[in-house]
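For ligands, and for the atoms within them, numbers begin at 1 and follow the listed sequence. All values below were derived from every heavy atom in this structure, side-chain atoms included, with hydrogens, water molecules and symmetry-related copies excluded.
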Amino acid sequence: MTATTANCSTRSATKKVTVNTLAALKARDEKAVFVTAYDYPTATFADRAGVDLLLVGDSAAMTVLGHANTLSITMTEMLVFARAVARGAQRAFVVGDLPFLSYQVNNDDAVRNAGAFIAAGCDAVKLEGGVRVADRVRAITDAGIAVMGHLGLTPQSIGQQGGYRVQGKTLAATQRVLDDALALQDAGAFAILFEALPPESAAYIRERLDIICYGIGAGPHLDGQLVISHDILGNFVGDIAPKFVSRYANLDQVVEDAFRRYATDVRAQRFPAPNHWYSIDASEAAALTQLSREPFARKTA
Ligand code: KIV
């Protein structure tokens with residue numbers, strides 16, 4: 001057994017995950033593991049660890065680009081991240097997140113931008129909203145592209161939702177999320193991601209759908225769990241610390257400490273040391289050393 005297969009627990013190390021693999025996981029009641037990735041190293045490490053799905057989320061606006069919310073990231077920026085992640089994902093299923101205004105205006109934009117993610121190497125696209133984007137979902141799936149919906153807290157609508165707030169807190173509110181979910185299912189979505197719902201609401205909705213239901217901050221009763229990788233790795237720069245995630249590393253401290261130790265070594269002239277130098281023949285080195293001791297007159301033009 002190689003180190004790679006050992007790390008992938010019981011899941012196949014090399015066979016590419018498809019919509020069929022994900023449906024089979026749901027049918028067997030096995031939880032899918034889903035994280036965000038925006039770059040080649042993160043995608044590679046997550047893939048080697050046996051993560052099933054990678055979301056190239058528009059959360060890159062906040063996690064990687066330092067914006068206050070997700071609204072200002074562009075298709076051009078998203079496609080750079082998508083290509084890098086797709087190159088790193090040997091096995092994992094890659095979902096490209098359609099950014100704000102890349103699909104809201106009309107079906108043509110929606111299909112063209114979804115297609116750009118597929119051309120960049122993604123396996124599916126994700127978009128936010130229910131009944132009001134069902135027509136877009138139908139147009140994109142009619143173009144042969146797999147679509148994941150996104151309901152509950154939808155960060156591209158923070159203006160309407162009044163901030164990052166838990167959704168579906170009453171039966172009536174849960175019923176509205178279910179109506180949206182049914183519209184996405186009817187339009188051909190293969191999965192829906194539910195964000196920030198109480199577990200009872202998420203369970204109520206999942207029981208009434210046939211397609212795959214993933215959650216982020218929506219409790220345990222879903223077919224898989226998404227987290228923002230920066231939240232579990234501990235390298236998000238900002239004040240947002242969602243209550244529903246556990247930290248599995250403190251990369252902020254590890255990285256800051258590494259930079260501090262490097263700076264100390266450079267200033268103390270401990271770096272570079274002889275083992276970091278490129279060597280040349282002793283005779284050439286001696287000639288160069290000898291010449292550098294002699295006075296040197298710089299040529300003038
Ligand atoms: O962009 C993203 O990472 C997302 C999650 C917050 C669900 O859409």
Please work out which of the three classes, parallel, tilted or perpendicular, describes the rings of Phe271 and Tyr262, given edges at 30° and 60°. perpendicular
Could you tell me whether Asp109 and Arg136 make a salt bridge, using a distance below 4.0 angstrom between a side-chain N and a carboxylate O? no
Present, as a list of atom pairs with distances to 0.1 Å, all nitrogen or oxygen contacts under 3.5 Å between ligand 1 and the protein.
{"residue": "ligand 1", "atom": "1 (O)", "partner": "Asp58", "partner atom": "N", "Å": "3.0"}
{"residue": "ligand 1", "atom": "1 (O)", "partner": "Asp58", "partner atom": "OD1", "Å": "2.8"}
{"residue": "ligand 1", "atom": "1 (O)", "partner": "Ser59", "partner atom": "N", "Å": "2.9"}
{"residue": "ligand 1", "atom": "1 (O)", "partner": "Ser59", "partner atom": "OG", "Å": "3.2"}
{"residue": "ligand 1", "atom": "1 (O)", "partner": "Asp97", "partner atom": "OD2", "Å": "3.0"}
{"residue": "ligand 1", "atom": "3 (O)", "partner": "Ser59", "partner atom": "OG", "Å": "2.5"}
{"residue": "ligand 1", "atom": "8 (O)", "partner": "Asp97", "partner atom": "OD2", "Å": "3.4"}
{"residue": "ligand 1", "atom": "8 (O)", "partner": "Lys126", "partner atom": "NZ", "Å": "2.9"}

Which of parallel (below 30°), tilted (30 to 60°) and perpendicular (above 60°) describes Tyr38 and His230? tilted
Ion pair Lys126/Asp97, N-O distance below 4.0 Å: yes
Check step by step if side chain to side chain donor-acceptor pair (under 3.5 Å) holds for Thr18 and Thr21. CA-CA 5 Å; Thr18 67; Thr21 323; 3.1 Å; yes
Those residues at least two apart in sequence (or on a different chain) that pass side-chain hydrogen bond (donor to acceptor under 3.5 Å, both in side chains) with Arg247 are Asn250
